[in-house]
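Heads up: the structure comes next, in structure tokens.
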Amino acid sequence: MNYTMAVSWLEQRGVKLEAIAEIVYKLQKPYNALLELEQCLDSVKSVLHKREVQYTLMTGIAMDMMAERKQWPEPLQSMLEADESLYGVDETLALGITSMFGMIGLTSFGYLDKNKLGILGQLNNDHSGIHVFLDDLVAGLAAAASARIAHQDPNAVKYDKVDS
């Protein structure tokens, strides 16, 4: 139920899972020559099946929607409308998603937060709505799905040698 709802909320805000998978693909393809876009989509779906991720996502989307309806007290309303650069609560919320997959998720999130690949740039530049939380949450989803693929890569170098 919550997975379906989270996907629906994303789609209502203009974000398709395939768009997130494309970001994951761009992040991981340089490290995995055999990677297919379908694997990236499966990874996005897997991350999105986690209840903690669903709750975080719905909370952030609801906060963006409240800002669009001007339901926040000042000065928060003005800060959200301006997407205030020092307002870091949006990134903090998204980091909850990336933290489930270690440092690679965190560093990928930082990269995406700065470079705004794909749908992230569209959300960031779309002034018809407020996407203060959504762009970071989508980046968090993509970073987590990317890290998940990296952790599962069977071709990753293994260090099994034990000192005696």
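The chain is numbered in sequence order, starting from 1.
Counting heavy atoms from C-beta outward, Val89 and Phe133 have side chains that approach closer than 4.5 Å. In this structure, the side chains of Cys40 and Ile149 come closer than 4.5 Å at one or more pairs of heavy atoms.
Shown here is Tyr87, whose OH atom has more than 12 heavy atoms of other residues, nucleotides or ligands within 6.0 Å. Within a 6.0 Å radius of CD in Gln152, more than 12 heavy atoms belonging to other residues, nucleotides or ligands are found. Atom CD of Glu52 has 12 or fewer heavy atoms from other residues, nucleotides or ligands within 6.0 Å.
In this view, Lys116 and Asp113, Asp135 satisfy the salt bridge (charged side-chain N to carboxylate O under 4.0 Å, His left out) rule, not counting sequence neighbours.
Between atom OH of residue Tyr111 and atom CG of residue Leu117 there is a gap of 5.0 Å, rounded to the nearest 0.5 Å. Distance NZ/Lys70 to OG/Ser78: 8.0 Å, rounded to 0.5 Å. The distance from atom OG of Ser146 to atom CG of Leu35, rounded to the nearest 0.5 Å, is 9.0 Å. Rounding to the nearest 0.5 angstrom, the gap separating the CG atom in Asp64 from the CG atom in Asp90 is 8.5 Å.
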Assess the residue pair Ser8 and Gln12 against the criterion (side-chain hydrogen bond (donor to acceptor under 3.5 Å, both in side chains)); give the C-alpha distance rounded to whole Å, side-chain angles, the decisive distance to 0.1 Å, and a yes or no. CA-CA 6 Å; Ser8 175; Gln12 289 172 26; 3.0 Å; yes
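The nearest pair of heavy atoms linking Val24 to Ala142 is CG2-O, 3.4 Å.
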